[in-house]
Amino acid sequence: MKLTQEEQDMLDGRYGKATKKSMEILTTLGEIFDAECMVDVHGVQIAGVSYDNLGEAGLDFLSEMSEDGRVRVLTTLNPAGMDRENWQALGIDREFAKNQNRAIDAFAKMGIITTCSCTPYLIGNAPHYGQHIAWAESSAVCYSNSVIGARTNREGGPSALAAALIGKTPKYGYHLDENRHAQVLFKINAPVKGTDEFGVLGKIIGDKLVKLGKKIPYITGIPSATVEELKSFCASVATYGGTALFHMEEITPEYNKYPKPSNIVFEINQDDLDKTRAELTDDDIEIDFVSIGCPHASIHEIAKIANLLRGKTVKKEFWITTARPTKKIADEVGYSKIIEDAGAKFAADTCCVVAPIKERFKGIMVDSAKACYYGRAKNKFKVKIGSIEACVEEAIK
Amino acid sequence: MKLEGRKIYKGTAEAEAIVTKDAISFYGGVDPDTGKVVEVGHELEGESITGKVLVFPTGKGSTVGSYTMYRMKKNNMAPAAIVNKQIDTIVAVGCIISEIPCVDKIDTTNIKTGQRLIVNGSEGTIEIID
């Protein structure tokens, strides 16, 4: 890989220990994936923030890097293991909270904006079309590549941190035009509406791509989609298919930039949607937990929940997971009061995937196919998928 | 016998090989406090990888695995070196942050458990010395 003089100096340790370590990570990845050079990134989003995932090992590494490491570009964090203000009300123990704050303090010391969200594009860490970035959260990677048309690989925690401390990433993979071509065509022959249904569609396409050993789908037959529907779709197709980029006809910006695939074609019909929806609901589920906001709820979704909950009382534990800046808008507008008066809780900075809630509930109802996957695999819950309206209905039943 | 591969992380180590045909997930698959493989059904389940040259085809699993490797190093439980057929990003990053010599592009079926190896991560070579 060709390095500039400055990059070589960073690698040689002339800019300090953390910079040297970061350059070692980036240049090694560049060599492995045959990058010709580094490319400037305009923003970074770091995963591996929850202490539940990091553990003492990750925390040790962050502490060491924070001794002399300082970010060179705008950087935000993925969700943490708890709401940083309201953790006690959400049943998080004091020891966990202490360790979680140690991790966030290490990130803060490096100059990272410690807003913890899987939807950086909704809270000001937002690239424009064609910009190079280094993001780690898989749903956000998929959203930025596909819906915005920015360019990022799926970074891990350390490689995203390295990109933040250098302000660059090796130029390979999704940073290059030749790797952004769709490989499989999916024709959707049924109406798809709502965050839950877009999640169901994401699972169908994701599962199929894994079977085929392919990564990039081209999707036709979706006449329109909201930001919220696309964010749900991204989370699902990334979870089930490892997909970091898709093209959707007339919807995503690069849909006609590359050739439309014609040799591998699949049709998705109403019965496929019905069958997969049924797979995302366990038999004999006893629901004692409802959670909306995977990926983090937008202000639009919070408004909808407030309208549905106005004057009602929830009978089950009900979390709305969102970014703190979005929660602050909800506070200002008055949505938060309506929601909290109904007995539902905000869990800002965190989510039901990364919070330490394994086996705390029996059954979870969500509007997210991604949350179904982690509810089962990580937290050992039974799961049910439904629309936001159906989730609220369940919570007040 | 000397085998030529690709350098992933610098440094040299001489130790006994422990070889598996299975991929390894450090996160959840290896206990960083005991150095033992704990993945149920793994070919190396119950075996210690501490201080050995760990030879396996490739990594798998969560990216948190890089941090598990770092923790093993801090606990003095890490392997002495790593040899892969094809490196993945989790193990590569794990070796860099933990400073474990690492070489890939090696036909790992040429190596048997118990053989002594010299791994030269700076040159990208390994030598089987018995």
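In what follows, every chain begins at residue 1, and chains take the letters A, B, ... in the order their sequences are listed.
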- Task: For each of B:Y27, B:Y9, B:Y67, tally heavy-atom pairs with chain A at distances under 4.5 Å, and name the one with the top tally.
- Result: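 Of the candidates given, the most pairs with chain A belong to B:Y67.
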- Message: So which residue, A:D60, A:N53, A:I32, ends up with the most heavy-atom pairs under 4.5 Å with chain B?
- Response: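 Most heavy-atom pairs under 4.5 Å with chain B: A:I32.
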- chain B: which of A:G48, A:G157, A:G58 shares the most heavy-atom pairs with it under 4.5 Å?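 Counting heavy-atom pairs under 4.5 Å, the top option is A:G58.
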- Any donor-acceptor N/O pair, A:S50 side chain to A:V354 backbone, under 3.5 Å: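 It does hold such a pair.
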- Task: Please check if the side chain of B:N75 supplies one atom and the backbone of B:P32 the other of a donor-acceptor pair under 3.5 Å.
- Result: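 Answer holds: yes.
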Pick one of side chain, backbone, both or neither for [X], based on which atoms fall under 4.5 Å of a heavy atom in chain B.
X	value
A:E64	side chain
A:L26	neither
A:E31	backbone
A:L29	side chain

Ion pair present between [X] and [Y], side-chain N to carboxylate O less than 4.0 angstrom?
X	Y	answer
A:E56	B:R71	no
A:R72	A:E6	no
A:K21	B:E99	yes

- Query: Is atom NZ of A:K20 surrounded by more than 12 heavy atoms (other residues, nucleotides or ligands) closer than 6.0 Å?
  - Reply: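 More than 12 within 6.0 Å, yes.
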- Query: With a 4.5 angstrom heavy-atom cut-off, which part of B:K10 approaches chain A: side chain, backbone, both or neither?
  - Reply: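 For B:K10, side-chain heavy atoms alone lie under 4.5 Å from chain A.
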- Message: Given heavy-atom pairs under 4.5 angstrom as the criterion, report whether the side chain, backbone, both or neither of B:S66 touches chain A.
- Response: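 For B:S66, the side chain is the part near chain A, not the backbone.
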- Query: Hey, mind stepping through A:Y172 and A:E36 against side-chain hydrogen bond (donor to acceptor under 3.5 Å, both in side chains) and telling me if it holds?
  - Reply: CA-CA 8 Å; A:Y172 69 90; A:E36 284 182 5; over 6 Å; no
